[in-house]
Amino acid sequence: MSLDGVMQAPGGPKEDTSGNFKLGGWTVPYFDEFLGTVMTKQMEKPFDLLLGRKTFDVFASYWPNHKSEGKGINDATKYVVSTTLSKHTWEKSIFIKDNVVDEIKKLKTQNGPDLQVHGSSYLIQTLLTHDLVDEFWLKIFPVTLGSGKRLFGTGTIPLSFTVSESQISPNGTIIATYKRRGDVKTGTYE
């Protein structure tokens, strides 16, 4: 995300132009070998994906055609939250249309690999509203964008997290893992 919390269209100018967003591809100048290593490490162990439909469309147009570099993504079960899409040729794609929160809660209780969410700004708002986020793997890029879809939108509930890992790339991108701690504690300086 950007310093001002924007997560929209990080990978290319045509990725998501909704809301007249014109800065698509804003992370590309900051992506270096260091970030590539971080991403590889985060995707080494088996995982499944929970995606919104727009992010699924972006992934499905690219990853099935890049099987060697996208082995983890292609091997993952893709749980897709969509009211408009119910099937796709990309292997291991399962669609969630109804009772989204209940279905996600069920997924979280099952034995299996971690569920990762990439992009999916609208879906993330649902997860935040219903306290369904256990951990954030944030990459905070040294740029402000002013407008665009934000990671922490209007439905975010008060929660506390702890930093379990942090690094800074040579290009100034902060990589931080935040694990769910509990409720927000308050105090006073009086």
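Start at 1 with the first residue, then count along the sequence.
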Greater than 12 external heavy atoms within 6.0 Å of Glu91's CD: no

Any donor-acceptor pair under 3.5 Å from Lys78 side chain to Ala76 backbone: yes

Nearest-0.5 Å distance, CG of residue Leu123 to OG of residue Ser82: 11.0 Å

Heavy-atom closest pair, residues Gln8 and Gly148: OE1-CA, 3.3 Å

His130 NE2 to Lys105 NZ distance, which is reported to the nearest 0.5 Å: 7.5 Å

Option among Arg180, Lys108, Lys179 that satisfies the side-chain hydrogen bond (donor to acceptor under 3.5 Å, both in side chains) test with Asp134: Lys108

Pairs touching residues 14-29 that satisfy salt bridge (Lys or Arg N to Asp or Glu O under 4.0 Å), sequence neighbours left out: Asp16-Lys149

Minimum side-chain heavy-atom gap Arg181-Phe161 below 4.5 Å: no

Contact check, side chains of Phe141 and Ser2, non-hydrogen atoms, under 4.5 Å: no

Co-membership, hydrophobic cluster, residues Val100 and Ile94, 4.5 Å side-chain: yes

Cluster check Phe31, Val143: I/L/V/M/F/W/Y, side chain < 4.5 angstrom: yes

Over 12 foreign heavy atoms within 6.0 Å of CZ, Phe152: yes

Shortest non-hydrogen contact from Leu51 toward His118: CD2-O, 3.7 Å

pair Pro46-Asp75: side-chain heavy atoms closer than 4.5 Å: no

Side-chain donor or acceptor of Thr129 paired with backbone N/O of Gly155 under 3.5 Å: yes

Nearest atoms (heavy-atom pairs only) where Pro64 meets Phe59: CD-O, 3.6 Å

Evaluation steps, side chain to side chain contact (heavy atoms under 4.5 Å, CB included), between Gln125 and Thr154: CA-CA 8 Å; Gln125 301 316 304; Thr154 57; 5.8 Å; no

Audit row: Leu138, Met1, side chain to side chain contact (heavy atoms under 4.5 Å, CB included) steps and yes/no: CA-CA 7 Å; Leu138 298 182; Met1 70 179 187; 4.2 Å; yes

Beyond-backbone contact of Val80 with Ile96, side-chain heavy atoms, under 4.5 angstrom: no

Asn74 side, atom CG; Glu69 side, atom CD - distance, nearest 0.5 Å: 9.5 Å

Exam field: side chain Ser93 to backbone Trp90, donor-acceptor pair closer than 3.5 Å: yes

Cluster link Tyr30 to Trp137, ILVMFWY, side chain under 4.5 Å: no

Expected output: side-chain Asp48 to main-chain Leu115 donor-acceptor under 3.5 Å: no

Test item: side-chain donor near acceptor, Asn171 and Thr173, under 3.5 Å: no

Trace of the salt bridge (Lys or Arg N to Asp or Glu O under 4.0 Å) decision for Glu165 with Lys41: CA-CA 13 Å; Glu165 186 178 345; Lys41 180 182 173 197; 3.5 Å; yes

Closest heavy-atom pair and its distance - Leu35, Lys139: CD2-CG, 4.3 Å

Electrostatic pair Glu44-Lys71, nearest N-O below 4.0 angstrom: no

Residue pair Ile104 / Leu127, side-chain heavy-atom distance below 4.5 Å: yes

Close side-chain approach of Ser169 to Asp32, heavy-atom, < 4.5 Å: yes

Whether Thr55 side chain and Gly52 backbone form a donor-acceptor pair below 3.5 Å: no

Phe47 vs Gln42, side chain to side chain contact (heavy atoms under 4.5 Å, CB included): CA-CA, chis, key distance, verdict: CA-CA 10 Å; Phe47 61 90; Gln42 289 178 340; over 6 Å; no

Lys106 and Asp102 ion-paired at < 4.0 Å: no

Aromatic contact, Phe56 with Tyr79 (centres under 6.0 Å): no

Approximate separation, where rounding is to 0.5 Å, of Leu50 CG and Ser120 OG: 7.0 Å

Heavy-atom closest contact (Thr144 atom, Asp4 atom, distance): CA-OD1, 3.5 Å

Residue pair Glu103 / Asp98: nearest heavy atoms and the distance that separates them: CG-O, 3.7 Å

Polar side-chain atom of Ser160 near backbone of Asp183 as donor-acceptor pair, under 3.5 Å: yes

Separation of Thr40 OG1 from Glu33 CD (nearest 0.5 Å): 10.0 Å

Sub-4.5 Å side-chain heavy-atom contact between Asp131 and Leu159: yes

Pairwise side-chain contact, Ile124 with Val117, heavy-atom cut-off 4.5 Å (strictly under): yes

Whether Tyr62 and His66 hold their rings parallel, tilted or perpendicular, with breakpoints at 30° and 60°: parallel

